[in-house]
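Nothing here was measured: the structure is a model prediction, and the numbers come from that model.
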Amino acid sequence: MLRVRFAPSPTGYLHIGSARTFIFNWLYARHNGGTVILRIDDTDVERNSQQSLDSIFEGLKWLDLGWDEFYRQSDRLDLHRQLTQVIFDKGLAYRDFTPAQADIEDKPRDAATWLYNPGAREMSQEESDRRAAAGEPFVIRFRVPRETAEDVRFNDAVYGPQSKSTADIEDFALLRSNGVPTYHMASCADDADIRISHIIRGQDHLTNTFKHVLIFRALGVEPPQFAHLPLLIAPDGSKLSKRKHGPVVSVTTYRDAGFLAHAFVNFVCLLGWSPKNDRDRMSRQELVDAFGFEGVNRANATINFSDADPFDPKAVWLNAETIRGMAIPDLCREVLPFAERAFGAAPADKMLRVTPLIQERIKLLGDVATVADFFFVRELAPYDVAELIPQKGDLAMARRALESAQRILAGAEFTHDGLDAALRAGAQELKVKAGQMFQPIRVAVCGRKNAPPLFETLETLGRETCLERIAKAIEMLEKQ
RNA sequence: GGCGCUAUCGUCUAACGGUUAGGACGGAGCCCUCUCAAGGCUUAAAUACGGGUUCGAUUCCCGUUAGCGCUACCA
């Protein structure tokens with residue numbers, strides 16, 4: 001029975017690294033027919049926030065992968081306390097009455113005493129019980145075996161055999177003085193109780209795992225299989241943080257910019273994992289089928305972003321590629337909200353006609369705002385009259401082209417083929433190249449030089465709008 | 001400081017100890033073309049450094065360097 005869990009703590013938004021951890025957990029479970037568990041690790045009462053919790057759910061919901069079971073650690077305090085007590089009762093943990101040290105800088109790091117607070121570990125049971133009964137605050141610390149400096153071992157599915165001497169593991173806290181178990185304790189207690197079979201998490205927990213192995217052993221349960229993932233880091237080599245790198249590390253930023261959820265998932269999977277056969281664009285099912293720990297890399301992966309390009313170019317490419325591969329109605333449904341946001345209103349039927357024209361011209365759904373504006377706005381944004389002048393042409397040519405277009409469009413059959421034939425004939429008549437004829441029309445109608453192919457554009461815009469805009473352009477030329 | 005982990009093109013990565021070190025993104029160039037895209041073709045670009053082991057190291061071992069992580073009553 002394979003069971004994995006994703007255990008975010010609600011102390012920040014869902015960032016791209018956490019999202020990847022979730023995705024890898026999900027893929028591993030789906031690949032092996034296992035169960036995905038979402039557990040909110042909210043034992044740090046001081047730092048938890050509802051806002052953060054909302055952000056995590058929002059991000060996960062967008063990913064649209066789902067999960068099978070849900071737990072919240074704060075609902076399970078009793079279990080954590082109970083299991084802490086079990087360890088304490090076995091004599092594998094002890095009370096430490098030393099007050100919390102806010103300034104960790106003062107802690108002597110070179111001395112051998114960093115492993116535990118002198119006096120606490122050796123305190124007699126009687127004194128310990130007496131002081132606790134007297135109401136003196138204490139933390140419970142794990143009594144890491146010292147007499148025999150044994151090696152704690154586990155075999156990581158990604159990093160291979162790991163070992164660390166107990167001489168290098170400090171007496172870590174299990175229970176805070178406020179009675180709330182620490183992350184290490186609560187996490188292991190839950191993993192044991194919920195019967196997690198595989199712990200897949202960031203490599204930042206690799207060295208913590210030795211402590212966890214110790215806890216599982218003290219609890220008398222077999223530790224799960226561990227699989228640590230290389231970290232995602234910023235281009236400057238530091239770990240991703242909102243403070244330092246801004247909103248680009250948050251999953252919702254990708255959503256709001258117009259990434260398709262699957263393209264995002266696809267991109268993130270390629271960070272620190274490889275299907276090993278040169279594939280990059282993969283469907284969800286292909287990812288599930290291909291995923292395994294063998295393909296997980298051990299070196300940290302850099303997400304390539306900058307102030308100028310807030311998103312990794314490969315993520316953008318993958319998104320564009322995904323957009324191009326979509327059926328028009330599906331894509332239309334996805335862009336519609338972005339168009340509505342940009343233009344105030346975007347009739348669905350019109351969007352459906354515009355969608356094929358922008359499909360291979362947008363990389364992010366949000367690009368609809370700059371690529372398709374002229375389809376939706378009534379008044380074109382002001383543009384430079386000089387734009388109307390075709391290559392190797394002059395003002396007079398622009399004017400002739402537009403006046404000719406005016407006549408042609410008034411009578412032509414308003415379809416791609418009809419416009420194609422009529423406009424090309426018009427160009428011949430004026431003895432100009434097709435491009436010289438089309439360019440002024442395009443600018444008059446779109447307000448800029450770069451736009452989708454002309455005939456489809458005209459057709460979609462409709463005769464009335466086209467003539468209106470061309471008339472306006474001629475007017476502008478006359479004023480020159 | 002201690003302990004742990006890591007090191008292939010700018011980035012993501014591939015390569016049973018034997019390859020002209022492969023692919024992708026991005027860059028450059030060409031083609032196609034009514035503009036922009038898209039597409040096609042071409043091209044530049046990497047095994048951190050030093051020692052071993054071996055007939056032969058990107059690959060195995062050691063060291064150096066660099067980066068990251070842990071070293072909290074954070075997770």
Handout entry: U53(B) - base-pair partner by Watson-Crick or wobble geometry, distances under 3.5 Å
Key = none
Exercise for the section: Identify whether any heavy atom of Pro8(A) sits under 4.0 Å from a base atom; if not, whether one sits that close to sugar-phosphate; answer base, sugar-phosphate or nothing. Expected result: nothing
Completion exercise
With sequence neighbours left out, the residues meeting side chain to side chain contact (heavy atoms under 4.5 Å, CB included) with Phe338(A) are Arg341(A), Leu365(A), Val368(A)
Handout entry: Footprint string (nucleotides 37-43 of chain B, 5' to 3'): B base within contact, S backbone only, - free, heavy atoms under 4.0 Å
Key = BSS----
Practice task
May I ask you to say what Asp41(A) touches in the nucleic acid, namely base, sugar-phosphate or nothing, with a heavy-atom cut-off under 4.0 Å?
Solution key: sugar-phosphate
Handout entry: Of Ile233(A) and Glu456(A), the one whose closest RNA chain B nucleotide lies more 5'
Key = Glu456(A)
Handout entry: Set of residues satisfying side chain to side chain contact (heavy atoms under 4.5 Å, CB included) with respect to Cys269(A), sequence neighbours excluded
Key = Ile23(A), Phe24(A), Leu27(A), Val265(A), Trp273(A), Leu287(A)
Exercise for the section: Take atom CD of Gln391(A) and atom C1' of C36(B), then tell me their distance rounded to the nearest Å. Expected result: 14 Å
Practice task
Indicate for each nucleotide in nucleotides 11-23 of chain B, in 5' to 3' sequence, whether protein heavy atoms under 4.0 Å reach the base (B), only the sugar-phosphate (S), or nothing (-).
Solution key: SBSSS------BS
Handout entry: N/O donor-acceptor pair, side chain Thr207(A) with base C70(B), under 3.5 angstrom
Key = no
Practice task
Please figure out whether Leu231(A) or Pro181(A) has its closest RNA chain B nucleotide nearer the 5' end.
Solution key: Leu231(A)
Completion exercise
Ala425(A) meets the side chain to side chain contact (heavy atoms under 4.5 Å, CB included) criterion, sequence neighbours left out, with none
Fill in the blank from the handout: So, with a heavy-atom separation below 4.0 Å from RNA chain B, the residues of residues 445-453 of chain A are Lys449(A), Asn450(A), Ala451(A), Pro452(A), Pro453(A)
Problem - Asp96(A) CG to C73(B) C1', straight-line distance once rounded to whole Å - result: 9 Å
Practice task
Describe the nucleic acid contact of Thr98(A) in one word from base, sugar-phosphate, nothing, applying a heavy-atom distance below 4.0 Å.
Solution key: base
Practice task
Mind checking Lys433(A) for me? I need base, sugar-phosphate or nothing, with any heavy atom below 4.0 Å counting as a touch.
Solution key: nothing
Exercise for the section: Scan every strand shown for a Watson-Crick or G-U wobble partner of G10(B), both distances under 3.5 Å, and answer none if you come up empty. Expected result: C25(B)
Problem - Short N-O contact, Lys314(A) and Asp312(A), less than 4.0 angstrom - result: no
Exercise for the section: Answer with base, sugar-phosphate or nothing: what part of the nucleic acid does His184(A) contact at a heavy-atom distance below 4.0 Å? Expected result: base
Exercise for the section: Find the distance Leu318(A):CG to G26(B):P and express it as a whole number of Å. Expected result: 10 Å
Problem - Arg353(A) bridged to Glu456(A) by N-O distance under 4.0 Å - result: no
Practice task
Could you let me know what G4(B) is paired to, Watson-Crick or G-U wobble, both distances under 3.5 Å, or none if it's on its own?
Solution key: C68(B)
Practice task
Rounded off to whole Å, could you give me the CZ-to-P distance for the Phe374(A) and U35(B) pair?
Solution key: 16 Å
Problem - Spacing of Asp204(A) atom CG relative to G67(B) atom P, expressed in whole Å - result: 19 Å
Exercise for the section: Take atom CG of Asn266(A) and atom C1' of A24(B), then tell me their distance rounded to the nearest Å. Expected result: 12 Å
Exercise for the section: Please list all pairs passing the salt bridge (charged side-chain N to carboxylate O under 4.0 Å, His left out) test where one or both residues lie in residues 156-168 of chain A, with sequence neighbours left out. Expected result: none
Exercise for the section: Taking atom P in both C41(B) and C32(B), compute the distance separating them and give it to the nearest angstrom. Expected result: 15 Å
Practice task
Kindly write out the residues that satisfy side chain to side chain contact (heavy atoms under 4.5 Å, CB included) with Gln406(A), not counting sequence neighbours, or none if the list is empty.
Solution key: Glu403(A), Leu467(A), Ile470(A), Ala471(A), Ile474(A)
Practice task
Looking at every strand, decide which applies to Thr43(A) at a 4.0 Å heavy-atom threshold: base, sugar-phosphate, or nothing.
Solution key: sugar-phosphate
Problem - salt bridge (charged side-chain N to carboxylate O under 4.0 Å, His left out) pairs, two or more places apart, involving residues 414-427 of chain A - result: Asp420(A)-Arg424(A)
Name the atoms and distances for all side-chain donor-acceptor pairs under 3.5 Å in residues 303-311 of chain A, with sequence neighbours left out.
residue, atom, partner, partner atom, Å
Ser306(A), OG, Ala308(A), N, 3.4
Ser306(A), OG, Asp309(A), N, 3.0

Problem - Touch class at under 4.0 angstrom, heavy-atom based, for Gln162(A) against every strand present - result: sugar-phosphate
Handout entry: Residues in salt bridge (Lys or Arg N to Asp or Glu O under 4.0 Å) contact with Asp44(A), at least two apart in sequence or another chain
Key = Arg47(A)
Practice task
Determine which nucleotide pairs with C16(B), using a 3.5 Å limit on both distances of a Watson-Crick or G-U wobble pair.
Solution key: none
Donor-acceptor contacts under 3.5 Å from residues 426-433 of chain A side chains, at least two apart:
none

Completion exercise
Taking a pair to mean Watson-Crick or G-U wobble geometry with both distances below 3.5 Å, U35(B) pairs with none
Exercise for the section: Measure the spacing between OH of Tyr13(A) and OG1 of Thr253(A) and express it to the nearest 0.5 Å. Expected result: 8.5 Å
Practice task
Specify whether Phe226(A) and Phe216(A) have parallel, tilted or perpendicular ring planes, treating 30° as the upper limit for parallel and 60° as the lower limit for perpendicular.
Solution key: tilted
Practice task
Please report, rounded to the nearest Å, how far the C1' atom of C3(B) is from the CG atom of Leu214(A).
Solution key: 15 Å
